[in-house]
Amino acid sequence: MRRVLGIDPGLATTGYGVLEGDGVHARVIAAGALRTRARDSRAARLASLFEALTGLLEEHRPQDMALEQHFVANNVRSAMAIGEARAAAMIAAARARVEVYEYPPATVKESVCGFGSAGKEQVQAMVRMHLGLAELPEPLDVSDALAVALTRLAGYRMDALLAASK
């Protein structure tokens, strides 16, 4: 069994999901959204995000953190804010000595939905099915975080199978 903290980074809203599983079965330990206040300075928002993520890492003690990589071609400001939120998450993980795995959105979608061009709502529905949830995980930031955690668990299973075959 492996415990993974999945993160969908954003400056305004960062989704998170803590899963425990073996790559075939997984259960939700915790999930939610971390929100920062738009009226706060960028530095204060990043510090708040870092502190919240540090708290999640201390509380849930995952072995891995899985981060979604974002590709934002048209909006440089948005790309910068997401990059900074990713950095806050990566630093929190490094300080907690938690390994970080990064996945492009298409890889996450393929892992969870079976094809890399699935829409956010499709990902959300498939996360619900994979985890046997009664309701759709909301907001979409949370379902994306759970999807990236599921992707890491699938990778963990593949790593274990490859190691066993040697």
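- Within the 4.5 Å cutoff, the side chain of Val127 has no heavy atoms near those of the Val142 side chain.
- A 4.5 Å side-chain heavy-atom check between Glu102 and Met90 finds at least one atom pair inside the cut-off.
- Here the NE2-CD distance, from His25 to Glu20, works out to 13.5 Å after rounding to the nearest 0.5 Å.
- Two residues are said to be in side-chain contact when any heavy atoms from C-beta on lie closer than 4.5 Å; Pro139 and Arg35 meet this criterion.
- The cluster map of Ile, Leu, Val, Met, Phe, Trp and Tyr, joined by side-chain heavy atoms under 4.5 Å apart, puts Ile91 and Leu46 in different clusters.
- Linking Ile, Leu, Val, Met, Phe, Trp and Tyr whenever their side-chain heavy atoms come within less than 4.5 Å puts Leu67 and Val18 in one cluster.
- In this structure the side chain of Arg61 never reaches within 4.5 angstrom of the side chain of Arg3, judged on heavy atoms.
- Residues Leu53 and Ile29 share a hydrophobic cluster, clusters being chains of Ile/Leu/Val/Met/Phe/Trp/Tyr side chains in contact below 4.5 Å.
- Residues Val148 and Ile7 are not in side-chain contact: their nearest non-hydrogen atoms beyond the backbone lie 4.5 Å or more apart.
- A donor-acceptor pair under 3.5 Å is formed between the side chain of Arg128 and the backbone N or O of Leu133.
- A distance of 12.5 Å separates OH of Tyr16 from CG of Asp141, quoted to the nearest 0.5 Å.
- Annotation: the span from Arg152 atom CZ to Leu150 atom CG amounts to 12.5 Å, rounded to 0.5 Å.
- Shortest non-hydrogen contact noted between Phe50 and Ala88 is CD1-O, 3.6 Å.
- Put simply, the side chain of Arg95 does not reach to within 4.5 Å of the side chain of Thr54, judged on heavy atoms.
- When all heavy atoms of Gln69 and Arg86 are compared, the pair lying nearest together is CA-NH1, 3.7 Å.
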With a 3.5 Å cut-off and sequence neighbours excluded, list the donor-acceptor pairs that the side chains of residues 110-126 form with protein atoms.
residue	atom	partner	partner atom	Å
Lys120	NZ	Asp144	OD2	2.4
Gln122	OE1	Gly119	N	2.6
Gln124	NE2	Pro137	O	2.8

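- When hydrophobic clusters are built by joining Ile, Leu, Val, Met, Phe, Trp and Tyr residues whose side-chain heavy atoms come closer than 4.5 Å, directly or via intermediates, Tyr156 is not grouped with Tyr101.
- Under the 3.5 Å distance criterion, the side-chain polar atoms of Thr14 are left unmatched by any main-chain donor or acceptor of Leu34.
- Here CG of Leu49 is found 7.5 Å from CG of Leu11. Values are rounded to the nearest 0.5 Å.
- The 12-atom threshold is exceeded at CE of Met1, counting heavy atoms of other residues, nucleotides or ligands nearer than 6.0 Å.
- Side-chain contact between Val28 and Leu19 is present, with at least one heavy-atom pair separated by less than 4.5 Å.
- The two residues Leu153 and Gly21 make their nearest non-hydrogen contact at CD2-O, 3.6 Å.
- Residues Met65 and Leu57 are in side-chain contact: their nearest non-hydrogen atoms beyond the backbone lie under 4.5 Å apart.
- In this structure, Thr151 contributes its side chain and Ala147 its backbone to a donor-acceptor pair below 3.5 Å.
- What you find for Arg45 and Asp40 is that their closest heavy atoms are CD-O, 3.6 Å.
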